[in-house]
There are 2 protein chains.
Amino acid sequence: MTTNLTQLKQDFTEGLSQISRFWGFPKGMGAIFAVLYISPSPLSLDEIVQQTGLTKGAVSTEVRALARLGLVHRSSRLADRKDYYEAETDFYKSIRAILKERQNSEFDSAVRSVRETLEKLESGSVSGEEAEKQFILERVRALQDFFDALDSLTRAVSKLDSLGFSTVTKVLSILK
Amino acid sequence: MTTNLTQLKQDFTEGLSQISRFWGFPKGMGAIFAVLYISPSPLSLDEIVQQTGLTKGAVSTEVRALARLGLVHRSSRLADRKDYYEAETDFYKSIRAILKERQNSEFDSAVRSVRETLEKLESGSVSGEEAEKQFILERVRALQDFFDALDSLTRAVSKLDSLGFSTVTKVLSILK
DNA sequence: TAGAATGTTTAGTAACTACTAAACGAAGTA
DNA sequence: TACTTCGTTTAGTAGTTACTAAACATTCTA
């Protein structure tokens, strides 16, 4: 039983769309990345439109978002007014960019607010019943430790390149 | 300048709400977890309602979701018809549960579809131009390797307990 | 058995998101 | 200058989500 190559591409695109949505990105983003990723040459905006079935407007905005994440690169050719887009193939590089992007986001400000809670409790500048304050202090501190651990993990991972990454995962999987 | 303890609790709850939303969960979920987490004793549904400002219905459904993720535990007391809820304090345990939950999700089926694409290409059962097939094969294989690396990383992390986790992150951060 | 206490389910809603269609802008070309 | 060609922006929409309010189910108690 043989499969049509065009069909195969569509299946792949569909798969990446779902994955994209699962990771909290629009599914159109996944589709655009997919067609760029399996294209041997950079594609123009209209070619992406044609291959994804999205409209120009959608592709225009989402391709920019992808570029901000470092997942695609925009280029232009001399004496050609079109822009061309191609996929980044070094995913580890992209991870770095994504994590960096998220650092300035409201997420970090939320994490910071937990840290502030902790600091207020530690500095003794909170009025209230002593036993309860002590209890909350310990809990919040444990949570903060957890966040710190997660943070240093992602920092470490984001600093690894393809080679180092796979080495570490192998080591970790041996750890059982 | 001293802070009111009640105010502090509210700030903490607000912070966790935002973090929850950032991670793709309802913000109410974060609020519920927060009030349970800093409560010295298990709370009844109505107490959660009162402390979060959510309605009974919302708390009822979301507390169940939290329990499914292993982030809260439901208990009941003899000769008391109320249910009581308390927060799980071992986050690493919860991570395990969350990752496990996600494994059966549609995410995995999407990842599987990428693997199928790869397998079809490798088995030679795809019709089409040879050079293009070869190109796509290499690209999809690289993507699959990346997914595998991510997968083994999360598997490894999910197997660690609090102690092992922090050890690994320390090692990783020394790696530069 | 009626009534109260507790938790669940359901119907509806407000806000958000990812899009489409189409107007618009900018910049080359006849 | 008018006419394309390409990309962006905007207004509107269908679908989703996280909730509220209220009906409902269950189980204990008087």
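All values below were derived from every heavy atom in this structure, side-chain atoms included, with hydrogens, water molecules and symmetry-related copies excluded.
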**Asked** Looking for any heavy atom pair under 4.0 Å, which part of the strands does B:R21 touch: base, sugar-phosphate only, or nothing?
**Response** nothing

**Prompt:** Counting heavy atoms not belonging to A:K133, are there more than 12 under 6.0 Å from its NZ?
**Reply:** yes

**Asked** Under a 4.0 Å N-O cut-off, is there an ion pair linking A:E122 with A:R141?
**Response** yes

**Request:** Decide yes or no on side-chain contact (heavy atoms from CB on, under 4.5 Å) for A:K82 and A:L45, but give the supporting numbers first.
**Result:** CA-CA 8 Å; A:K82 290 200 196 92; A:L45 195 140; over 6 Å; no

**Request:** Between protein and nucleotides 23-30 of chain D, map the contacts as a letter string: B base, S sugar-phosphate only, - none, heavy atoms under 4.0 Å, written 5' to 3'.
**Result:** ----BS--

Between side-chain atoms of residues 51-62 of chain B and protein atoms elsewhere (two or more places apart, or another chain), which donor-acceptor pairs fall under 3.5 Å?
unit_1 : atom_1 : unit_2 : atom_2 : d
B:T52  : OG1    : B:I48  : O      : 2.8
B:T52  : OG1    : B:L54  : N      : 3.3
B:T61  : OG1    : B:A58  : O      : 3.1

**Message:** Short of 4.0 Å, heavy atom to strand atom, which residues of residues 27-47 of chain A count as contacting DNA chain D?
**Reply:** A:L45

**Request:** Check whether any side-chain nitrogen or oxygen of B:S60 sits under 4.0 Å from OP1 or OP2 of C:dT8, and answer yes or no.
**Result:** yes

**Message:** In this structure, would B:Y84 and B:I32 fall into the same cluster of hydrophobic residues linked by side-chain contacts under 4.5 Å?
**Reply:** no

**Asked** What's the verdict on salt bridge (charged side-chain N to carboxylate O under 4.0 Å, His left out) for A:E132 and B:K9, showing C-alpha distance, side-chain angles and the deciding distance?
**Response** CA-CA 11 Å; A:E132 189 181 10; B:K9 286 191 204 169; 2.7 Å; yes

**Message:** What I'd like to find out is whether the side chain of A:Y85 reaches to under 4.5 Å of the side chain of A:L43, using heavy atoms alone.
**Reply:** no

**Request:** Let me have a per-nucleotide readout for nucleotides 10-16 of chain D, 5' to 3', with B, S or -, counting only protein heavy atoms under 4.0 Å.
**Result:** -------

**Prompt:** If you measure only the distance, is there a donor-acceptor pair under 3.5 Å linking the side chains of A:D11 and A:Q7?
**Reply:** yes

**Asked** Which residue pairs pass the ring-ring contact (aromatic ring centres under 6.0 Å, His included) test when at least one of the two sits in residues 35-70 of chain A, sequence neighbours left out?
**Response** A:F33-A:Y37, A:Y37-A:F91

**Message:** Among residues 65-72 of chain A, which ones have heavy-atom contacts with DNA chain C below 4.0 Å?
**Reply:** none

